[in-house]
Structure formats: structure tokens, C-alpha cells
Engineer: 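Handing you a structure now.
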Amino acid sequence: MNLRQTLDATLSKALSEACGNQVPAMVAQAKNPEHGDYQANGALAAARSARRNPRELGEAALALAELDDLVEHAEVAGPGFINLRLRESVLIAEMREPLTEPNPSPQTIVIDYSSPNLAKEMHVGHLRSTIIGDAMARLLEHLGHKVIRQNHVGDWGTQFGKLLVEFESKGTDASSLANLETFYSDASKRYDEDTTFANAARARVVDLQSGEATAKAAWQKFIEVSLSHCQAIYERLGVTLKREHLAPESGYSAELPYIIQTLESKGLIEESDGARCVFSERLKSREGEPLPLIVEKSDGGYLYATTDLAALSHRCHTLRANRVLYFVDARQSLHFDLLFEVGRRAGLAGQASLEHHAFGLMLGADGSPYRTRDGRTVKLASLLDEAISHALDVVSEKNPDMDLDERREIARIIAIGAIKYADLSKHRTSDYVFHWNRMLSFEGNTAPYLLYAYTRAKRILEKAPRTQADFTQARLDPAERDLALHLARFQETLDSVATSAEPHRLCTYLWQLAALLMKFYESSPVLKSTGVTQAMRLRLCERTAETLKQGLELLGIETLERM
RNA sequence: GCGCCCGUAGCUCAGGUGGACAGAGCGUUGGCCUCCGAAGCCAAAGGCCGCAGGUUCGAGUCCUGCCGGGCGCGCCA
């Protein structure tokens, strides 16, 4: 049950009655536990407009609110805060409820994430979109929404001209693409230095886009190899993206003329310097002129803005999305701002909520975009290799007698989890610094800490005797109550992440949960206790383990039984 | 020039719709394994929340102006 929401609904109703008009109670988790479990600040805000004394209003609301089932103590404090303390019986009862409940009004939610450019290999810059998008997909799906993943891979730009000519000159042999990075830079070098090559490249783009058979065949082969590189990374990372989630740019090419037609029929298109544009009604350029979204170049070619409009229309109309979530870095904020405006004015977006969830770039310690010593971008594959190798060292040091295969498997889960958690736990809309040693640290607020907490709880459960005692008859000491209270807040945490699209909040929740378990572990011996006390402590261990496992799973992080 | 984002402890970061003494991790210092795993727990030190005004009963949070940083601004994606 979403306790916060339930309290808010009840108290809002009472406060509105006391006030005479509709006002929110604004129930939130209490920051200071001395004030209770939840606090409502609505009386303070409402008092002003109602010209009433906030404390009096709070008292009136409390008198009207039917909270006895949930709340053991409620009082008005300070200038007019309403403090609520939950009944212990409620916390205990919550431990027998399902961990989560589905959203009563499920939506169709399209998520655009990962979306690498197929001309190059995936590098560390793709991590954030891929990891965060995947966590949101898992979480929203778990809450009962219909999630449609869209991997909007770049397979259609002008850059494919030079790649095709290079590829064909090497006999369209897949082995020449073994290292996509060097392949791309070789092609770029020839394009810049050799005019014959450059002309051929330009001609090949036209061939490709007009559907010429040999160009198309070579292109398809190239894309196929590149996609298998991506898919291998997804599998290593435990990302749920599959071939069926591909929504490549090329797939929209046939739609583009109709997009232009639609814009034209709405009277939105204007010609400017030979290009066809839609001018913004709100955003201004350098010279104070309206900002254009260019949808057709002066040579008649289409651009990514055109493709994005086609994708938007497809998502809102064909897929019938209620929300469209874009996990794309912040450099594209202006682009999406314009895109959403034009999409709405052209009627391509329907009523859907269009959300660009931006994030900053990954930087090196010197503050420049993250690269290796020789100036190359860091491939995702090598980041994973290095993390696993480091994890294996640590695992081996802690478990010298464990056999190698088991150590390897544990190292894999720890390393992948640590990388994903390090990224997921940061909010950062601005650029952030990537640190090897911090990413690979297994202490403090990291995935290994959460995994360790999980294994400790599991070990107790493994060793525990079967008990017939009824845990609901037990009383909770402070450390146990703190843990039980936090456990009861899982649902409201998930709901808040669902609307905000900020998985770092779930990370914070799980970190706190693990910390509370550690404290409980120190203060409340389980195996040495007896009767209802032991039954309740075992139930706390069990519930915490289940919650950690479920929460980590929603983040896309595997758990392990020992480490 | 205009626009967006950011500036919180030595470092890396949290601080939902303004709320009750500003939090955590790392690092530093000092404790805790004959008790379920010490990848842990406990404690201490460390902050004019970039600066200056304003709105409010109340501002890290909202508004304005500065200072400092990042990114973006017509035919690339």
C-alpha cells in the first residue's frame, strides 16, 4: 500500500472540509524522526488563503480525519505542522502484504533509450541513456503499465556513404568490421583526404536512400554486424533491449514526405534560404528572430528533425502512447523543445505527455570528455572487462578457497552491478566526472554494499530454524521499527520514481534499507532469539531480502546468494 | 549577444509540489570480531548551501542582479 498517498487523501479531505474549499494536505515523510513518521504541511499553506490560524486549522482537520486505523499518534506542532506516527500493528501488517501493487490506471508508455549510432562502437557515453532507460522500463512495466521500448538507432545519416564505400572496397567482409572504431576513423580520413572517395561516398548515400540494390545489400550487412556488437553489450549489461525493440531511423524514411505534407496542410512550413522550416512561436535565435526547426534541406534531403517528427507521430498515434519518455543527453534539450512544440502544433503528438529526461556528459578527471590516454573514447566493452577483472581480485582476496568459476561469476555480478549503480544513483543534469576508482569501489553507497546486505539476510534465513510462532504478536524495538517503517515505504518510492523518471531515488531508498538492515543486524540477534521475537526478526530479514532483490531487479542489477 | 543547465563539507554527491537544528559516501582521527559474514558497525572533526538584494510567518529550494563553470543557438545526428 502507498501509505503516504493514503494518509494524504484522508487528511486532504479533512483539511478541505475544515477549510471550506479544496486544499492539499501535503503529506510527506518526516525529515526528523522525532516528529513522527509523516508530516502534513498543508495547514500552514491553507491558513493564509483561508485567513485562519494554522494551528487551529490543523486541529480542526485532525478532528475530522478518520486516521485511527493507521495512526497511533497525531498532533499539531510548531507553527502548524501535523505530525503523524503510524501504528506498530500497521507496520507489522504491511509485512504480510504483497511487496508492490499495480497501478490502478495503467498507461501506455513509450521509452526511447540507448539509441546508439551504428556507425561506431558503443562507448561509455552510451551508458547513462541505456542504464537509466532500462531501469525505467523495468519499473514502469512492473507497476502494470504497458511499456514499449524504442531503440532509435542511427543507421541512416549521410555518414553511411563513406562507410559503405570503405566497406565495399574491403569486399563487404564482416571481419573488416571487427573494430568499428578504427574502421570509422579510416573511412573518415579517406573522406577528408581523397576527393574521389568523397564523391563516391556522396553518390552512395543517394543510391542507398533511393533503394539501389547493391548499396542496400552492403548497408544491411554493415548494420547487421554493428547491431550484433550492441546486442552483445546489452547482454553483458543485462539490459532488456532485444531486436524487436529496434526502431531505426531508416524505418521512418518512407514516412518523411507525409510528415512534410502534414506540416504543409497545417500551414506551418515556411521557406528560408531554400530550406523548409517550421518557426517557433516562443524560441528566439541569435538575432531575435524565431528559431527554425529545419525539416527539409535546400537540396531536398530530410534531417533528423524530420525523422524525429515521424517517430513522434508513430509513438503517439500508432502506438497510442500516453507518455513518451526520451532519455537523451542535455545537449539536445533545445532540439526536443522545438520538436515537441512543432509536434503539438502539427497535431502529431495527440494528448501524450512528451518528456525529455536530460542528463549530463561523462567527463574525465581533467574535466574534458572522457577518453583513454591516447585520446580515444572508452569502449563500453573495455570498461566492463576492467571492472570484472578488478572485482575478481577483490573476490579472490576475500574468498581464497572458493573455486575459480564461482569467483568469476560473483565478480561478474558485482562488477556489472557496481557500474550500473554508480550511474543510476546520480541525479546530475549537468556533466559529471567519471572516476575509475570510485566506479570500482566496493564500499559505501555502492551496489556491493546492497548485495552484501542481501547475502547477510539470506545467510540468517538459511541457518534459521523453522518456527511456528506468529510474528504479528511481537513488539518492535527501535531498530526493528525503523526497518519495518522503511520497508513499508517501498510502494510510495516506486510510485514517485514512476512519475519523476528519476531512478536515483530508488537507489537512495535501497541504500537506506541496507543501512537499516546492517544496524538491525548489529542490535537484534536473530538466531539466538526465541518465540515470537525470533519469528518477527526472521520476517524482517525475509522481507528486507525480498525488497532488496525486487528493488535491485527493477534497477537491472542481479543479486547473489553469497559473495 | 540570446537561451538552457549547474555552483551544498577536502573530494564525489543527496536534499519530490518553499517548512521545524543542512544529510550521506569517500578521505582523516579514534573505537568494535570466543555473538547470525569486519565488503560491516559506532564515534569525532569538517558547511556565511558562489555573492548581494527581494518575496514569505518560514528560502539550499521561488524572483532579480552580479561572479564562476558547462552546453546549445539553419540546412550533421
Side-chain angles (χ1 to χ4, degrees), chain A residues 24 26 28-32 34-35 39 41 44-45 47-48 54 77-81 83 115 117 119 154 156-159 249 272-277 283-289 291-299 301-305 307-308 329-335 337-338 358 360-361 363 367 394-395 397-398 414 422 425-433 435 437-438 441-446 448-449 451-453 455-457 459-464 496-497 499-500 502 504-505 507-508 511-512 514-515 518-519 521-529 537 541 562-563:
Chain A
M26 300 200 288
Q29 294 177 7
K31 274 188 184 171
N32 186 338
E34 284 173 23
H35 296 141
Q39 64 183 63
N41 306 327
L44 281 160
R48 191 181 306 172
F81 302 107
N83 291 335
S115 307
N117 187 329
W156 204 239
T158 47
Q159 56 192 326
E249 288 177 346
S272 171
D273 296 334
R276 312 185 79 189
C277 313
L283 302 163
K284 301 269 195 280
S285 75
R286 244 176 263 244
E287 287 76 28
E289 305 293 316
L291 214 57
L293 185 73
I294 303 179
V295 293
E296 191 179 316
K297 296 192 282 188
S298 47
D299 68 2
Y302 302 118
L303 299 103
Y304 75 123
T307 305
D308 276 353
D329 83 67
R331 287 176 301 185
Q332 307 230 23
S333 294
L334 181 59
H335 167 67
D337 205 347
L338 266 170
L361 269 40
L363 303 178
V394 177
V395 173
E397 185 190 319
K398 309 253 181 201
I414 288 177
S425 60
K426 284 179 171 60
H427 181 43
R428 287 291 116 186
T429 53
S430 54
D431 299 345
Y432 67 105
V433 176
H435 284 111
N437 52 351
R438 262 190 272 273
S441 159
F442 300 153
E443 290 162 11
N445 188 0
T446 61
Y449 179 87
L451 296 174
Y452 182 64
T455 60
R456 287 181 108 180
R459 190 54 70 90
I460 290 176
L461 294 168
E462 223 172 75
K463 293 184 175 174
S496 116
V497 174
T499 56
S500 68
E502 294 171 350
H504 80 280
R505 293 188 189 184
C507 293
T508 303
W511 154 255
Q512 288 170 340
M518 298 292 196
K519 287 187 173 72
Y521 191 97
E522 302 285 335
S523 68
S524 304
V526 179
L527 300 181
K528 288 193 164 181
S529 59
R537 288 177 180 175
C541 286
R562 62 196 60 208
M563 59 190 278

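Below, chain A is the first sequence line, B the second, and so on; all start at residue 1.
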Engineer: Tell me, do Leu527(A) and Lys463(A) make a side-chain contact under 4.5 Å, heavy atoms counted?
Structural biologist: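 Touching, per the 4.5 Å side-chain cut-off.
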Engineer: How would you label the contact of His335(A) with the nucleic acid (heavy atoms, under 4.0 Å): base, sugar-phosphate, or nothing?
Structural biologist: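 Since no nucleic acid heavy atom lies under 4.0 Å of His335(A), the category is nothing.
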Engineer: Rounded to whole Å, please give me the gap between CG in Asn32(A) and P in rA20(B).
Structural biologist: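 Rounding to the nearest Å, CG of Asn32(A) and P of rA20(B) are 9 Å apart.
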Engineer: Using a 4.0 Å heavy-atom cut-off across all strands, classify Ala47(A) as base, sugar-phosphate, or nothing.
Structural biologist: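 Here Ala47(A) touches no strand at all.
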Engineer: Would you check if Ile414(A) and Val395(A) make a side-chain contact, meaning some heavy-atom pair closer than 4.5 Å?
Structural biologist: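 Result yes, sub-4.5 Å side-chain heavy-atom pair found.
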Engineer: Select base, sugar-phosphate, or nothing to describe what Ala453(A) touches, counting heavy atoms under 4.0 Å on all strands.
Structural biologist: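 Result for Ala453(A) = nothing.
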Engineer: So, do Thr307(A) and Tyr302(A) sit near enough that their side-chain heavy atoms are less than 4.5 Å apart?
Structural biologist: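 They are not in contact (no side-chain heavy atoms under 4.5 Å apart), so the answer is no.
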Engineer: Asn41(A) CG to rU17(B) P: how many Å, rounded?
Structural biologist: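 After rounding, the gap between these two atoms is 11 Å.
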Engineer: Glycosidic conformation of rG50(B), syn or anti, with 90° from 0 as the boundary?
Structural biologist: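 It is anti.
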Engineer: Can you tell me the distance, in whole Å, between the CZ atom of Phe81(A) and the P atom of rG58(B)?
Structural biologist: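 Rounding to the nearest Å, CZ of Phe81(A) and P of rG58(B) are 13 Å apart.
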Engineer: Starting at atom CG of Asp273(A), determine the distance to atom P of rC75(B), rounded to an integer number of angstrom.
Structural biologist: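 From Asp273(A) CG to rC75(B) P: 10 Å.
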Engineer: Tell me: NE2 of His504(A) to C1' of rG23(B), nearest whole Å?
Structural biologist: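 Rounded to whole Å, this separation is 13 Å.
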Engineer: Give one of base, sugar-phosphate or nothing for Gln332(A), where a contact means two heavy atoms less than 4.0 Å apart.
Structural biologist: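 Result for Gln332(A) = base.
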Engineer: Go ahead and write out RNA chain B as dot-bracket, 5' to 3': ( ) for pairs within the strand, [ ] for ones crossing earlier pairs, | when the partner sits on another strand, dots for unpaired; Watson-Crick or G-U wobble, both distances under 3.5 Å.
Structural biologist: (((((.(..((((.....[...)))).(((((.......))))).....(((((..]....)))))).)))))....
Engineer: Counting the atoms with a prime plus P, OP1 and OP2 as sugar-phosphate, which does Thr429(A) contact under 4.0 Å by heavy atoms, base, sugar-phosphate, or nothing?
Structural biologist: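 It contacts sugar-phosphate atoms only.
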Engineer: When the P atoms of rC6(B) and rC71(B) are compared, how many Å lie between them, rounded to an integer?
Structural biologist: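 Between the two P atoms, the distance is 16 Å.
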Engineer: Can you see which heavy atom on Leu451(A) is nearest to which on Met563(A), and at what distance?
Structural biologist: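 Closest approach of Leu451(A) to Met563(A), heavy atoms only: C-SD, 3.7 Å.
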Engineer: Is the closest side-chain heavy-atom distance between Asp273(A) and Ser298(A) below 4.5 Å?
Structural biologist: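 SC-SC contact between Asp273(A) and Ser298(A) ruled out.
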Engineer: When we call it a touch if two heavy atoms are under 4.0 Å apart, what does Leu303(A) touch: a base, just sugar-phosphate, or nothing?
Structural biologist: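 Counting heavy atoms under 4.0 Å across all strands, the contact made by Leu303(A) is with sugar-phosphate only.
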Engineer: Using a distance-only criterion (donor-acceptor N/O pair, under 3.5 Å, no hydrogens), is the base of rA20(B) paired with the side chain of Asn83(A)?
Structural biologist: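 Such a pair exists between side chain and base.
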Engineer: Over all strands shown, is Asn445(A) touching base, sugar-phosphate only, or nothing at heavy-atom distances under 4.0 angstrom?
Structural biologist: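 The answer is sugar-phosphate, as Asn445(A) gets under 4.0 Å only of primed atoms, P, OP1 or OP2.
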Engineer: Work out how far the C1' atom of rC57(B) is from that of rA44(B), and round it to whole angstrom.
Structural biologist: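 Comparing C1' positions in rC57(B) and rA44(B) gives a spacing of 37 Å.
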Engineer: Could you measure between the two C1' atoms, the one in rG15(B) and the one in rA24(B), and give it in whole Å?
Structural biologist: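 Pairwise C1' distance, rG15(B) against rA24(B), rounds to 10 Å.
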Engineer: How would you label the contact of Leu44(A) with the nucleic acid (heavy atoms, under 4.0 Å): base, sugar-phosphate, or nothing?
Structural biologist: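 Base contact - Leu44(A) has a heavy atom under 4.0 Å of at least one base atom.
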Engineer: On a whole-Å scale, what distance lies between the C1' atoms belonging to rU55(B) and rG19(B)?
Structural biologist: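 Here rU55(B) and rG19(B) have their C1' atoms 16 Å from each other.
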Engineer: I need the minimum non-hydrogen distance between Asp431(A) and Leu361(A), along with the two atoms involved.
Structural biologist: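 Smallest interatomic distance, heavy atoms only, reads OD1-N, 2.8 Å.
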Engineer: Check nucleotides 7-13 of chain B for protein N or O atoms closer than 3.5 Å to its own N or O atoms and list the pairs.
Structural biologist:
residue	atom	partner	partner atom	Å
rC11(B)	O2'	Arg438(A)	NH2	3.3

Engineer: Select base, sugar-phosphate, or nothing to describe what Gln39(A) touches, counting heavy atoms under 4.0 Å on all strands.
Structural biologist: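 Counting heavy atoms under 4.0 Å across all strands, the contact made by Gln39(A) includes a base.
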Engineer: Using the closest heavy atom to pick a nucleotide of RNA chain B for each, name whichever of Ala305(A) or His35(A) lands nearer the 5' end.
Structural biologist: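 Its nearest nucleotide lies further toward 5', so the answer is His35(A).
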Engineer: Quick check: on RNA chain B, is the nucleotide nearest Tyr302(A) upstream (toward 5') of the one nearest Ala30(A), or the reverse? Name the residue that is more 5'.
Structural biologist: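 On the 5' side of the pair lies Ala30(A).
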Engineer: Determine whether Asn32(A) and Gln39(A) make a side-chain contact, defined as any pair of heavy atoms from C-beta on separated by less than 4.5 Å.
Structural biologist: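 Heavy-atom side-chain distance check fails, nothing below 4.5 Å.
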Engineer: Do NZ/NE/NH1/NH2 and the carboxylate oxygens of Glu522(A) and Lys519(A) come within less than 4.0 Å?
Structural biologist: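 Lys519(A) and Glu522(A): not salt-bridged.
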Engineer: Separation of Lys31(A) atom NZ from rG23(B) atom P, in whole Å?
Structural biologist: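 To the nearest whole Å, that distance equals 9 Å.
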Engineer: Could you check how far CD of Gln29(A) sits from P of rG23(B), rounded to whole Å?
Structural biologist: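 Going from Gln29(A) (CD) to rG23(B) (P), I get 16 Å.
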Engineer: Given side chains that start at C-beta, do those of Trp511(A) and Thr446(A) come closer than 4.5 Å, heavy atoms only?
Structural biologist: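 No. Closest side-chain heavy atoms not under 4.5 Å.
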Engineer: Taking the P atom in each of rC42(B) and rC5(B), what is the distance between them to the nearest angstrom?
Structural biologist: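 That atom pair is separated by 39 Å.
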Engineer: Counting only side-chain N and O atoms of Lys297(A), is one of them less than 4.0 Å from OP1 or OP2 of rC76(B)?
Structural biologist: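 For rC76(B), OP1/OP2 do have a side-chain N/O of Lys297(A) under 4.0 Å.
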Engineer: Do Arg456(A) and Met518(A) have side chains that get closer than 4.5 Å, going by heavy atoms?
Structural biologist: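 Yes, close enough: below the 4.5 Å cut-off.
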Engineer: Can you give me the closest heavy-atom contact between Val526(A) and Cys541(A), atom names plus distance?
Structural biologist: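 Answer, listing the atom of Val526(A) first, then Cys541(A): CG2-SG, 4.1 Å.
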Engineer: I'd like the C1' distance from rA14(B) over to rG30(B), given in whole Å.
Structural biologist: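 It comes out at 27 Å once rounded to the nearest Å.
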Engineer: Whole-Å distance between rC4(B) C1' and Leu283(A) CG?
Structural biologist: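 So the two atoms are 10 Å apart, to the nearest Å.
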Engineer: Specify the glycosidic conformation (syn or anti) of rC51(B), with syn defined as within 90° of 0.
Structural biologist: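 Anti, angle beyond 90° from zero.
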Engineer: Where along nucleotides 31-44 of chain B does protein come under 4.0 Å, by heavy atom, of base (B) or sugar-phosphate alone (S), with - for untouched nucleotides?
Structural biologist: ----SBBSBSSS--
Engineer: In whole Å, measure the gap between the C1' atoms of rC26(B) and rC21(B) for me.
Structural biologist: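 To the nearest whole Å, 25 Å.
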Engineer: Are side-chain heavy atoms of Cys277(A) and Ser272(A) found at a separation under 4.5 Å?
Structural biologist: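 Contact flag for Cys277(A)/Ser272(A) side chains = yes.
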Engineer: Could you measure between the two P atoms, the one in rC49(B) and the one in rG23(B), and give it in whole Å?
Structural biologist: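 So the two P atoms sit 14 Å from each other.
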Engineer: Output yes when Glu462(A) and Arg562(A) qualify as a salt bridge under the 4.0 Å nitrogen-oxygen rule, no when they do not.
Structural biologist: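 A salt bridge links Glu462(A) with Arg562(A).
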Engineer: Using every non-hydrogen atom in the two residues, find where Ala453(A) and Ala514(A) come nearest and quote the distance to one decimal.
Structural biologist: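 The pair with the smallest heavy-atom distance is CB-CB, 3.7 Å.
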